[in-house]
Amino acid sequence: LFAETLVGAEQQKLPQVASGYRAWAALTEVLYGEPARARQEAAVVVQTSTAPEPTLRAAFALALTGDVAAARAAMGRLRDVRTDDTFLRGAYLPVATAAVALAERRPAEALEALRPAAPYQFGFIAALAPAHVEAQAYAQAGAHGEAARVFRLVVDHRGTDPFSPLLPLAQLGLARALAAAGDRQGSRQAY
């Protein structure tokens with residue numbers, strides 16, 4: 001589906017639309033276990049996009065693949081761009097920054113980086129990403145009860161982005177966090 005959309009956007013000479021979908025494709029690839037493909041897609045976005053939003057979503061994907069250097073480089077080019085843009089500063093940049101911290105096994109820094117995203121985490125622009133990364137940070141820190149709480153919030157806010165690739169992962173994360181917290185019954189129900 002992403003491939004067809006990309007071709008259509010490129011044929012219609014809508015390069016920024018294509019960049020946006022390519023960034024989503026990269027994120028989806030890494031979330032579902034295809035980091036090499038995700039790196040390829042994200043690299044194209046970083047090289048060709050003239051808008052910060054797809055570039056920062058690609059940086060998020062790159063961080064999830066473990067390519068922290070490429071993620072940092074993409075983010076570094078955008079730190080001084082549109083400094084008064086609420087969505088850029090309150091959703092995209094915090095998520096990418098937190099993903100880098102998680103890749104470097106620094107969950108406390110990831111949680112701190114996500115603070116500006118808290119008011120927007122269940123809005124359409126943030127697309128559940130801040131809450132997903134927050135839950136991952138709690139899980140990485142061993143705070144499984146908190147991870148379960150936030151994963152449940154993602155599941156409960158599925159209407160924010162009903163086709164998000166993060167939704168099934170939140171359900172799985174909820175089950176795993178409940179199991180790690182010792183709640184076998186809750187874990188079984190979540191599975």
Side-chain angles (χ1 to χ4, degrees), residues 16 19-31 35 38-39 41-42 45-46 49-143 146-161 164-167 169-170 173 177:
Q16 287 315 108
S19 286
Y21 280 108
R22 191 176 302 279
W24 266 113
L27 183 59
T28 301
E29 293 290 357
V30 71
L31 289 171
R39 277 189 205 99
E41 294 291 341
V45 173
V46 170
S49 181
T50 58
E53 293 86 350
T55 302
L56 288 170
R57 186 156 285 142
F60 175 30
L62 287 165
L64 293 180
T65 70
D67 193 346
V68 172
R72 281 186 191 279
M75 291 174 1
R77 293 191 339 231
L78 299 171
R79 291 224 184 261
D80 297 324
V81 173
R82 294 181 6 208
T83 56
D84 60 344
D85 186 313
T86 301
F87 295 132
L88 212 58
R89 302 292 160 192
Y92 293 107
L93 193 55
V95 167
T97 302
V100 166
L102 279 181
E104 295 176 335
R105 311 280 310 154
R106 295 181 286 116
E109 287 182 37
L111 291 168
E112 184 61 33
L114 288 168
R115 281 183 190 260
Y120 314 107
Q121 67 182 350
F122 298 116
F124 178 74
I125 297 297
L128 303 171
H132 175 79
V133 175
E134 179 183 0
Q136 293 291 344
Y138 281 125
Q140 192 178 89
E146 281 300 299
R149 180 186 65 77
V150 180
F151 278 128
R152 190 179 313 277
L153 286 172
V154 174
V155 170
D156 289 347
H157 286 84
R158 69 181 59 242
T160 297
D161 190 359
S164 173
L166 298 171
L167 288 172
L169 294 176

Between Arg82 (side chain) and Leu88 (backbone), is there a donor-acceptor pair under 3.5 Å? no
Rounded at 0.5 Å granularity, tell me how far CZ in Arg57 sits from OH in Tyr21. 11.0 Å
Side-chain touch Phe151/Gln136, heavy atoms, less than 4.5 angstrom: yes
Rounded distance (nearest 0.5 Å) linking atom OG1 of Thr97 with atom CZ of Arg72: 8.5 Å
What's the shortest heavy-atom distance between His157 and Leu153, and which atoms? ND1-O, 2.7 Å
I want to check something: taking the side chain as every heavy atom from C-beta on, are Glu134 and Arg149 in contact at a cut-off of under 4.5 Å? yes
Are more than 12 heavy atoms, taken from residues, nucleotides or ligands other than Phe122, located less than 6.0 Å from that residue's CZ atom? yes
Nearest heavy-atom pair of Thr55 and Ala74: which atoms, and what distance? CG2-CB, 4.0 Å
Can you confirm whether Arg115 is buried at CZ, in the sense that more than 12 heavy atoms of other residues, nucleotides or ligands lie under 6.0 Å from that atom? no
State, to 0.1 Å, how close Ala137 and Ala110 come at their nearest heavy-atom pair, and which atoms those are. CB-CB, 4.1 Å
In terms of heavy-atom contacts, Ala38 and Ala26 come closest through CB-O, 3.2 Å
Between Asp85 and Tyr92, is any pair of side-chain heavy atoms under 4.5 Å apart? no
So do Leu114 and Val95 actually touch side chain to side chain, heavy atoms under 4.5 Å? yes
Quick one: pull up CD in Gln140 and CG in Leu111 and give me the separation to the nearest 0.5 Å. 9.5 Å
Looking at side-chain heavy atoms only, is the closest gap between Leu31 and His132 below 4.5 Å? yes
Value for CG (Leu102) from CG (Leu64), rounded to nearest 0.5 Å, stands at 8.0 Å
Where Ala23 and Pro54 come nearest, the two heavy atoms and their spacing: CB-O, 3.5 Å
Are the side chains of Leu93 and Leu78 in touch, meaning some heavy atoms are under 4.5 Å apart? no
Just wondering, do Leu62 and Val46 contact through their side chains at under 4.5 Å, heavy atoms? yes
Between OG1 on residue Thr160 and CD on residue Gln121, distance to nearest 0.5 Å: 9.5 Å
Heavy-atom nearest pair, Ser49 first then Ala51, reads OG-O, 3.0 Å
A quick test of your reading: do over 12 heavy atoms of other residues, nucleotides or ligands sit less than 6.0 Å from CZ of Arg152? no
